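Worksheet: the structure to be examined is printed underneath.
Each chain gets a letter, A, B and so on, in the order its sequence line appears, and its residues count up from 1. The structure displayed is predicted, hence computed values, not measured ones.
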Amino acid sequence: MGLNTLLDKLGDMLEPEASKKKNYRKKLKTLLKDLKQKENKLKEKLEATEDERKRNRLEKELEIVHTQRKKGIKVLEETKPDHSDQTQDESPE
Amino acid sequence: MLRRILLPTILLILGFGFWMSPDFKVISAGVAIFLFGMLSLEEGFRAFTGGTLENILRRTTSSTLHSLGFGIVSTTIMQSSSLVSVITISFLSAGLITLTAGIGIIFGANLGTTTGAWLVAGFGLKVNIASYAMPMLVFGVIMMFQSSKQLKGAGYILSGLGFLFLGIHYMKEGFDAFSVNIDLSQFSVAGYPGLFLFSLIGIVATVVMQSSHATLVLIITALSVNQISYENALALAIGSNVGTTITAIIGAMSANEAGKRLAAAHLIFNLVTGIIAIALIYQLIAFIDWFSREVGISDEDYSLKLAVFHTIFNLIGVLVMLPFIGKLVTMLERVIPEKVPEIDQPMYLSGLSADYPGTAVEALRNETMRIYDAALRIIIHGLGFRQADVMSDADLEQIASSQSRVHKLDIDAVYERRIKGIYSAIIAFISTTTFSRQDEHSAKIHWLRDASMNIVESVKDTKHLQKNLIRYVGPDNKDMNAAYNKVRVQIAYIIREINDLRESGEGVIDMSSLDALELIVNEDRERFNNSLSDLIGKGAISPIMGSSLMNDSGYAIDIMSNLIQAAETLYVARDSDLTQTVHDILDDYHELDNVTMTDPEPENETLTTETSDGPEHSTR
C-alpha cells in the first residue's frame, strides 16, 4: 500500500462525510459513463432502424436516457467540493 | 379435420334422408322437438334451484327407499316411466339429485309403470297424456314471457313437457308406417328361441311405438286372437320393458355425463331384469298361475295374468338390483367419466416450500411468465389477430383494415383453461409466505403478485373491449371501424414491442425501453381522445358511439399499461439496470446530509415525472 493511499484512508476516517460524498461522486461518474455509452448505442440503433414505430420508441428512450444523464451531471456539479484541487476530473459531456 | 367434416356430413345425410322419406323427416323432427323439450325442462328446473325444489327432492330422495317410492308414485300418476326417467335425467343434469337417488327413482318408475298394465288389462283404460301437449305449450310459453323467475321457470317446465309429448307424438306418427305391418303370428316359435325372438320383437316394437303401453295393448290383442302363445306374450312384455329405455337414452343425448350415467343405469336395470325373467320364465309362469288362482283371476284371463307377470318380474329386478346400487354407481362413474376441461396447472410451484425464498421467487417468476405468455395469446386473439402476424413484421394496420369482422373468442373459457389454474396456485402460494417489505425476497414476491394481477386485469379488460370490437369492426360504419382498428392495432404493436425487446435482450428488458413504451401509450391516448372529439363534433359518430369508444380506449390503455408494468417486474434485471441505478443513486443523493443544494430541476417536466419520480419506479 503506497503512502498516498494510506493518507487517503486516514483522511476518510477523519472526515467520514467527505468520504461518503467522494464515493458517491465516484459511483455517479461511472453511472454517467454508462449512460453515455447507452445513449451512443441508442443513437446507433436509431440510425439503423427504418420502422417508424420502432424509431419513435427509440427516440423516446434516447430522450429518457439523455434526461437522466443531464440530471446526473447536475447532481455531480452540485456535489462538487469547494476545494479547487478536486475540479480537474469532471468532463461528463 | 374429422370434426370439421362431421357436422356437414351429418347435415347432408339428414337432408338426403328428408328428401327420400317423409316418415324419416317426421321421426327426426320428433327427436329434435323431444330434445328441445329436454333442454327447456332443464332450464325450467334450474329456475327452481337454490331452494324449494332442492328441499322437496332432498326429502323425497333422502334414502334409496324414498327414491324408490318417489319413482313408483310419480310414474303411477304420470303413467309414463319414460317421462319420469327423462325428468330424472334432467334433475341429475341440473345437479339437483345424486346418481344413487336417480337410480332409485328409475327402479321405482319400473315398478310404477306396471300399474299401467293393470289399468289396461283391468279397465281397458289407456291414459293418453300426450293430448295435454298443446295446452301445456300454450300455457308454458305465456308463462315464459313473465318477469317473475318462478313463473318463467314454470313456463319452461310446462313447455318442456309439451315439447316432450309433441316429440314423442311425432316419433310415433313417423313410425306408424312401420307398425301397421307388424304381424306377430308369423314369428311364432316355441321354446327358448321363441322367447328370445319375441323379446327382441318387444324391444323393436316399443322403440318403434315409443310406448310400452302401446306394445302391451298390441300383446293383449294378439293374445286374445291367439296370434301368439302365452309364453311369447310374456317374452314380448319383457322386450317392451327393455325397449322403453330408448326414450331415456334419447333424452340422455342432450344431458351431461351424470344424465348419461342414469340412462345407462336404466338400460342395465331393464336388461338384467329381462334376462332374469327369461331365465326363470317357466318358474314365473307356475308362480303366476298359483298367484292368480289365489287372488281369483281365472286361468283364461291372460290380460290380468300379463299384468301380474309385469309387476312380478319388475319387482324381482328391483329386489335383485337394489343391494348393488352402490356398485352400479361406482362402475358407471368409472365407465362414463366426467369430462374435466384441460386446465393448465403450475409447473414450478408444485411441492415447493415457501421456506426457501430464493427458489420460491424464481419459481413464482417462471409461473408468472407462463401466465404472461398465455395472456398475450388471449389478448392477440381477442383483438382478432393471429399471433404469427403480431410477433412478426407484418403490417398490422393493413391486416386490420382488410378484416371484415372480429371473430368472438370465448375469453372466459380460455382464461379458465390457460390462466386461472396457475394464477390461483400463485396466489395460494404467496398467501403461505410471510414477508415484510424490507426483505429483498419478500419484496420481489410482492411485486410478482402485483404482476400476476396486472396480467389478469389485462385479460379481463380485453374481454370488455372485445364486445364492441365484434360490434363495430366491419364495413357498417367506416369511422367506428377505423377508430376500433386503431385501438386494437395500438395494443398489438405494444405487445410486439415488448416481445421484440425481451427477445433481443434474451429475456432481459431495459427499464428505459418500457418507460418509453409507457410514454407512447400516454401520447397515443391524448391523440386518440382529440380525434374522438373531432369525430363527434363532425357528427361522424353519435355521442353514444363516442362514449363507447371513450370507455374502450380506457380499456385499451389499461391493457397496455398492465402489460408494461408486468413486463417491468418480470423482465427488468433490477440489480444491473441503468435506470434503476439512476433512481437509486438519486435517492442516495437526498441522503447525503452535509450537502446543501437544491433538488436538481428536471429539464423536461413530463418526462422526468414519468421516468424517475413515478411511484412504481422509485419504490423498487
Side-chain angles (χ1 to χ4, degrees), chain A residues 15-46 48-83 92-93, chain B residues 393 395-397 489-490 492-494 496-498 500-501 504 509-524 576-613 617:
Chain A
E15 285 182 281
E17 293 305 328
S19 146
K20 213 171 165 186
K21 200 157 85 174
K22 206 168 90 186
N23 284 336
Y24 178 78
R25 284 174 56 80
K26 211 168 153 186
K27 268 203 293 189
L28 189 57
K29 277 184 216 164
T30 320
L31 176 67
L32 287 171
K33 220 160 105 188
D34 290 345
L35 283 172
K36 179 80 185 166
Q37 271 177 8
K38 186 168 181 182
E39 218 178 302
N40 288 337
K41 266 190 200 163
L42 283 170
K43 278 179 189 160
E44 279 169 25
K45 267 193 197 168
L46 188 63
T49 307
E50 284 179 9
D51 183 88
E52 204 185 314
R53 282 179 187 265
K54 284 207 188 314
R55 281 185 68 85
N56 186 22
R57 202 254 303 149
L58 284 168
E59 278 165 5
K60 292 266 179 315
E61 195 172 350
L62 194 60
E63 258 182 89
I64 291 167
V65 175
H66 185 72
T67 312
Q68 287 171 340
R69 201 165 65 84
K70 279 280 180 89
K71 228 172 164 181
I73 292 167
K74 205 160 186 179
V75 173
L76 196 68
E77 295 274 322
E78 285 169 23
T79 52
K80 198 188 279 185
D82 298 331
H83 311 290
E93 285 287 353
Chain B
D393 290 332
D395 186 344
L396 294 175
E397 269 117 353
V489 163
Q490 190 198 6
Y493 271 123
I494 292 291
R496 177 186 283 180
E497 281 291 315
I498 294 174
D500 284 354
L501 285 169
S504 62
I509 303 179
D510 286 349
M511 198 192 272
S512 54
S513 307
L514 292 174
D515 286 344
L517 285 184
E518 192 92 57
L519 277 181
I520 291 173
V521 169
N522 287 331
E523 274 183 11
D524 280 355
S576 56
D577 188 76
L578 266 185
T579 305
Q580 182 67 48
T581 319
V582 172
H583 295 314
D584 293 345
I585 214 155
L586 289 178
D587 284 348
D588 290 348
Y589 169 69
H590 296 289
E591 285 166 15
L592 289 173
D593 21 68
N594 66 338
V595 183
T596 50
M597 70 287 192
T598 50
D599 206 12
E601 279 305 314
E603 296 196 343
N604 178 334
E605 189 59 48
T606 327
L607 202 59
T608 33
T609 307
E610 291 294 332
T611 56
S612 57
D613 298 330
H617 306 157

*Do A/Asn40 and A/Lys36 have a side chain donor and acceptor closer than 3.5 Å?*
no
*Given a strict heavy-atom distance threshold of 4.5 Å, which part of A/Lys38 is in contact with chain B: side chain, backbone, both, or neither?*
side chain
*Considering only heavy atoms, which portion of B/Leu501 lies under 4.5 Å from any heavy atom of chain A: side chain, backbone, both, or neither?*
side chain
*Would you mind reporting whether A/Leu35 and A/Leu31 have side-chain heavy atoms less than 4.5 Å apart?*
yes
*So which of B/Asp393, B/Leu514, B/Leu517, B/Asp510 has the biggest tally of heavy-atom pairs under 4.5 Å with chain A?*
B/Asp510
_With a sphere of 6.0 Å drawn around NZ of A/Lys45, does it hold more than 12 non-hydrogen atoms of other residues, nucleotides or ligands?_
no
*Is the closest basic N to carboxylate O distance between A/Arg57 and A/Glu61 below 4.0 Å?*
yes
*When only pairs under 4.5 Å are counted, which of A/Val65, A/Asn56, A/Leu62, A/Asp51 shares the most heavy-atom pairs with chain B?*
A/Asn56
